[in-house]
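To start, the structure under review is shown below, and the notes come after it.
A quick note: this is a predicted structure, and the numbers were derived from the prediction, not measured. Note that ligands are numbered from 1 as they come in the structure, with each ligand's atoms numbered from 1 the same way.
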Amino acid sequence: MPLIMFASPKGGVGKTTMTANIADALRRNGRRVMVMDFDPQNTLRLHFGVPLTDTAGFMADLPKRPDWRNLVRQTASGVMLLPHGAIDIRGALGLSSALERDPELLAAPLRAILADPGLLVIADTSPGPSHALNLLAPLASMVVAVLMADATSAALVPEIENGRFLGAGTMAALFAGRLRVVLNGVDPNARLSRASAETVARHLGPRLLGAMCREEVVAEALAAQRLLLDIAPTSRAAEDLREIARGIEAALPAVPDGLQAGWGAR
Ligand SMILES: Nc1ncnc2c1ncn2[C@@H]1O[C@H](COP(=O)(O)OP(=O)(O)OP(=O)(O)O)[C@@H](O)[C@H]1O
Ligand SMILES: [Mg+2]
């Protein structure tokens with residue numbers, strides 16, 4: 001039932017990497033997890049080993065009102081995946097105007113997915129404003145903003161903190177209460193990275209869920225279309241990831257009795 005949304009006003013900060021690997025970590029903790037890709041780049045699937053040539057997906061087909069159940073992939077990790085699907089410029093414009101006209105096109109299947117009481121849904125979004133972000137934000141139990149440990153991240157903290165990147169006025173204030181932050185790409189040996197991470201941590205206090213170090217194996221995992229905990233479970237980044245997953249887990253309602261995931265799929 002809970003929805004966690006990874007979002008950021010800035011691109012290339014590690015949202016998709018976090019979505020995929022945190023989902024895997026939470027699945028390993030016994031959660032039944034589904035990830036949904038709301039980004040037209042359609043790359044979340046690559047972390048789960050879906051072939052490049054397999055381009056079918058939910059959002060790309062949305063104007064045709066597909067049954068999402070037929071598009072869910074059962075991945076080797078045990079995490080269920082609803083890919084975005086490949087979309088060209090015409091498709092993207094068509095999707096945007098269809099959602100503008102009829103938000104229920106997405107809201108109705110989302111409600112159906114979230115009605116499953118034992119399911120944890122994790123959404124990956126595109127950077128910046130989008131229809132999907134507007135529709136997801138009010139439904140999310142937690143919005144995790146990903147920031148890079150660089151000079152820009154410190155500048156973005158106020159915008160993240162007041163929820164303005166998710167809405168305006170009172171809505172922004174409402175969403176701000178559900179906002180948590182993860183720092184990515186921290187390099188403890190680089191002065192600027194360390195300084196910006198420390199500034200953000202001081203400013204955000206407990207709203208900072210954790211930090212993940214910059215480590216080549218994170219990018220290598222994606223290149224191999226594998227998950228980090230699979231290929232480098234003892235790496236520093238894997239330890240960081242488990243720590244962030246623990247922070248998220250602590251903020252979520254406990255898995256209802258009898259609704260834990262079985263381990264057969266692993
Ligand atoms: N901690 C890390 N260490 C090393 N490389 C990383 C790390 N986190 C992410 N990367 C790499 O950085 C690149 C961008 O990551 P990712 O695609 O997850 O960002 P994103 O925020 O989803 O981007 P977009 O805004 O385009 O959707 C990828 O190649 C990924 O492998
Ligand atoms: Mg992404």
Could you say whether the N/O atoms of Gln41 and ligand 1 ever approach to under 3.5 Å?
yes

For Gly11, take its heavy atoms, then give the atoms of ligand 1 lying under 4.0 Å from any of them.
25 (O)

How about Thr16: does one of its N, O or S atoms come closer than 2.8 Å to the Mg ion (ligand 2)?
yes

For Ser126, state whether at least one heavy atom is located under 4.0 Å from any atom of ligand 1.
no

Under 4.0 angstrom from ligand 1, any heavy atom of Ala237?
no

Contact bool for atom 1 (N) of ligand 1 (protein heavy atom, d < 4.0 Å)
yes

Does even one non-hydrogen atom of Cys213 get within less than 4.0 Å of ligand 1?
yes

Tell me which protein heavy atom sits closest to atom 23 (O) of ligand 1, plus the residue, atom name and distance to 0.1 Å.
Gly12 N, 3.1 Å

Ignoring hydrogens, tell whether any protein atom lies closer than 4.0 Å to atom 4 (C) of ligand 1; use the non-hydrogen atoms only.
yes

Residue, atom and distance of the protein heavy atom nearest atom 30 (C) of ligand 1 read Thr17 OG1, 3.7 Å

Atom 11 (C) of ligand 1 protein-contacted, heavy-atom criterion under 4.0 angstrom
no

Taking atom types as modelled and ignoring hydrogens, do the side chains of Asp150 and Ser196 form a donor-acceptor contact shorter than 3.5 angstrom?
no

